[in-house]
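Naming: A, B, ... by sequence-line order, numbering from 1 per chain.
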Amino acid sequence: MAKDFPTRAENYSQWYNDLVIKADLAENSAVRGCMVIKPYGYAIWEKIQAVLDKKFKDTGHSNAYFPIFIPKSFFSKEASHVEGFAKECAIVTHYRLKSSPDGKGVVVDEDSKLEEELIVRPTSETIIWDTYKNWIKSYRDLPILINQWANVVRWEMRTRLFLRTTEFLWQEGHTAHATREEAIKESETMLNVYADFAENWMSIPVIKGTKSPAERFAGAIETYAIEALMQDGKALQAGTSHFLGQNFAKAFDVKYLNKENQLEYVWATSWGVSTRLMGALIMSHSDDHGLVLPPKLAPIQVAIVPVFKNAEQLAQISETVIPIKKALEAKGISVNYDDRETYKPGWKFSEYEFKGVPVRLTIGPRDIEHGTVEIARRDTLEKEVLQLTDIENKVIHLLDQIQKNLYDRALSFREDNTFRVDTWDEFKKILDDRGGFISAHWDGTSETEEKIKEETKATIRVIPINNAVEKGKCIYSGKPSGQRVIFARAY
RNA sequence: CGGGAUGUAGCGCAGUUGGCUAGCGCACCACGUUCGGGACGUGGGGGUCGGAAGUUCGAGUCUUCUCAUCCCGACCA
């Protein structure tokens, strides 16, 4: 057997890397910092996509698709945007290969140099706004509410599976509005969509808030984010929604004629979540036995494992199981009846635990005799023997319970690891001893934020929305502050 | 790009001061017994020891160069 599941606390990253491979989710590919997402992992992503896609459509958005390549000149049009992404771009400079003169392999054909280099999109604001310019003439053309499911490439110095890969999958929404108020409302709406998804589907409690200027998206006026706390005490930004003001409209000259026949620049938002969500899922709920998935996102919600010695026994068990499977499926539950003869029950139990399948039913000769079934839940690892009568509803009820329990568990973890701190010594001590969210006063300046980051590696994760007004003194500078903000070390 | 570590079978690893045919566990294949928490026995298949050059009678082991991966920083969703 390969290495046993590592104990979690010792080295979270190592555990995490082992976990995702063991749980059959992803592995590093031959390409630097990119990931191969295996079928089971991709099935989780497809679930995430399906739910979000519906939410986007329910809020009036449509899907569209824009090119993966962006002419270099587009980038220079919005100053802070280019500054934010310049250091992490993959650039296409040539379009042809030729046989190597030494006969070994191929080399770049220098004659095929592009006149203007193409950037592999790190995000699509520029090419989309260049397109919107042609779509928007009148107030009647607004709003434009578009989402794109795509891959993007950011050549980060350091990669980390799921959390920061060179290529990642995401969705990016790009909207155009006639008024500032409408655009702000849009970014807030999408923030709420993300928060709802995180909490009610992923069972991950999040703090909604705005980012400090230092953490803001390149080119945004305001960045809204949902911030989650992982089991190792580090914060993870799980989704962002940006109010872009008129920055991109001005950079790409996108104007419309209003009802008064006056030309005005349009107002913009963009918002996105990525395969990082899968990292959040893994790091929020998993335990030393493997992945733990919230039922609403689990590709397999119920696994049924028959215990049998021979074909006759299996046939007998199947007679009982197949109607149960059908009844569950009729209620929208995904069921995997694992009647493979090539693996034994114990092996299957472990496998479904690795994969985080929320509910497992086990049926053997003993159960056939008594009209019972063993039901095991992944979140608590508890097992129970139940009567078969009305088993579908019992299972559905349990799935709901697990969904809720995972959220409650994650929430109480976050509460236990959120600290109101008023002294600098305590601030540093908590960060070093246990991590977590620290709610503390901040004087509102970037200088202070930068100093705190230098000294502790902690950053301001969010300024919570609807934050309580509270007079206090900045944890670092001692200057007056009007509210507490959330600090943490982050991924 | 700095600091540290590691590259030996699909995975995880051992391999002594250079020495004989390169090993172990898991996985894989065959047969048998098993099957309610990753079964066991017997037999079997699988290796450019990351790559290149060098030292040597002889290199997985020593030297130089190189490539890759991981961890810690800088950068970031």
Side-chain angles (χ1 to χ4, degrees), chain A residues 1-6 10-18 21-22 27-33 83-89 122-123 151-172 194 211 214-218 220 223 225-228 235-242 270-280 289-290 305-311 313-314 317 340-354 360-370 372-374 376 381 383 385 453-454 457 459 461 489-491:
Chain A
M1 167 147 177
K3 203 162 68 176
D4 281 333
F5 235 81
E10 296 225 334
N11 183 332
Y12 198 90
S13 295
Q14 187 57 49
W15 166 78
Y16 175 69
N17 283 337
D18 286 353
I21 289 161
K22 278 226 164 195
E27 59 191 21
N28 293 313
S29 76
V31 184
R32 178 209 176 265
E83 200 181 314
F85 287 103
K87 283 180 278 184
E88 53 187 53
C89 289
T123 180
N151 58 338
V152 287
V153 167
R154 294 184 189 174
W155 214 270
E156 304 285 357
M157 291 174 181
R158 180 151 165 227
T159 61
R160 206 195 278 273
L161 205 52
F162 282 119
L163 300 183
R164 196 177 305 108
T165 41
T166 300
E167 178 190 10
F168 56 97
L169 307 182
W170 78 344
Q171 59 66 216
E172 46 181 329
Y194 289 154
K211 288 283 180 182
E215 297 278 319
R216 211 172 268 159
F217 175 74
T223 288
I226 52 172
E227 201 75 20
L236 186 75
Q237 179 174 306
T240 48
S241 176
H242 314 288
S270 69
W271 28 272
V273 294
S274 70
T275 35
R276 170 179 270 199
L277 285 182
M278 292 169 70
H289 293 85
V305 178
V307 180
F308 58 95
K309 288 188 177 144
N310 50 51
Q313 274 189 351
L314 176 60
I317 292 165
R340 288 177 295 178
E341 294 173 38
T342 43
Y343 293 97
K344 289 180 301 162
W347 194 94
K348 293 174 186 173
F349 297 162
S350 298
E351 171 160 336
Y352 292 115
E353 268 163 27
F354 280 143
R360 188 190 73 229
L361 300 178
T362 307
I363 296 196
R366 220 151 65 200
D367 297 297
I368 297 298
E369 201 178 313
H370 298 115
T372 58
V373 61
E374 183 192 84
L381 297 168
K383 291 189 288 195
V385 175
K453 187 179 178 183
E454 272 172 31
K457 297 191 185 76
T459 49
R461 301 319 305 158
R489 288 188 184 143
Y491 275 104

Take atom [atom1] in [N] and the same atom in [M], then report the distance between them in whole Å.
{"N": "B:C70", "M": "B:C57", "atom1": "C1'", "result": "39 Å"}
{"N": "B:C13", "M": "B:G7", "atom1": "C1'", "result": "12 Å"}
{"N": "B:C24", "M": "B:A14", "atom1": "C1'", "result": "7 Å"}
{"N": "B:A27", "M": "B:A68", "atom1": "C1'", "result": "25 Å"}
{"N": "B:U16", "M": "B:U8", "atom1": "P", "result": "16 Å"}

In whole angstrom, what separates [X]'s [atom1] from [N]'s [atom2]?
{"X": "A:Tyr491", "N": "B:C75", "atom1": "OH", "atom2": "P", "answer": "18 Å"}
{"X": "A:Arg160", "N": "B:C75", "atom1": "CZ", "atom2": "C1'", "answer": "13 Å"}
{"X": "A:Glu351", "N": "B:A27", "atom1": "CD", "atom2": "C1'", "answer": "14 Å"}
{"X": "A:Lys87", "N": "B:C1", "atom1": "NZ", "atom2": "P", "answer": "16 Å"}

Distance (rounded to the nearest 0.5 Å) between [X] [atom1] and [Y] [atom2]:
{"X": "A:Met278", "Y": "A:Phe162", "atom1": "CE", "atom2": "CZ", "answer": "4.0 Å"}
{"X": "A:Thr240", "Y": "A:Arg216", "atom1": "OG1", "atom2": "CZ", "answer": "13.5 Å"}
{"X": "A:Glu215", "Y": "A:Lys453", "atom1": "CD", "atom2": "NZ", "answer": "6.0 Å"}

Holding to side chain to side chain contact (heavy atoms under 4.5 Å, CB included), I want the full list of residues that pass it with A:Thr159, two or more places apart in sequence or in another chain. A:Arg32, A:Thr166
Map every base of RNA chain B to its dot-bracket character, where paired means a Watson-Crick or G-U wobble contact with both distances under 3.5 Å and | marks a partner outside the strand. (((((((..((((.....[...)))).((((((.....)))))).....(((((..]....))))))))))))....
Does A:Phe217 offer a backbone N or O that forms a donor-acceptor pair with the side chain of A:Thr223 under 3.5 Å? yes
Who passes salt bridge (Lys or Arg N to Asp or Glu O under 4.0 Å) against A:Arg154, sequence neighbours left out? none
Contacts of type ring pair (Phe, Tyr, Trp, His ring centres under 6.0 Å), residue A:Phe349, not counting sequence neighbours: none
Go through the structure and list residues passing ring pair (Phe, Tyr, Trp, His ring centres under 6.0 Å) with A:Tyr194, not counting sequence neighbours. none
Would you classify [X] as touching base, sugar-phosphate or nothing, given that sugar-phosphate means primed atoms plus P, OP1 and OP2, and contacts are heavy atoms under 4.0 Å?
{"X": "A:Phe168", "answer": "base"}
{"X": "A:Thr372", "answer": "nothing"}
{"X": "A:Glu156", "answer": "base"}
{"X": "A:Lys457", "answer": "sugar-phosphate"}

Does the protein touch nucleotides 31-37 of chain B at the base, only the backbone, or not at all? Give it as B, S and - per nucleotide, heavy atoms under 4.0 Å. ---BBBB
If each of A:Met157 and A:Arg216 is mapped to the nucleotide of RNA chain B with the nearest heavy atom, which maps nearer the 5' terminus, i.e. the 5' end? A:Met157
Verdict with supporting geometry, A:Arg360 and A:Glu353, side chain to side chain contact (heavy atoms under 4.5 Å, CB included): CA-CA 9 Å; A:Arg360 188 190 73 229; A:Glu353 268 163 27; 3.8 Å; yes
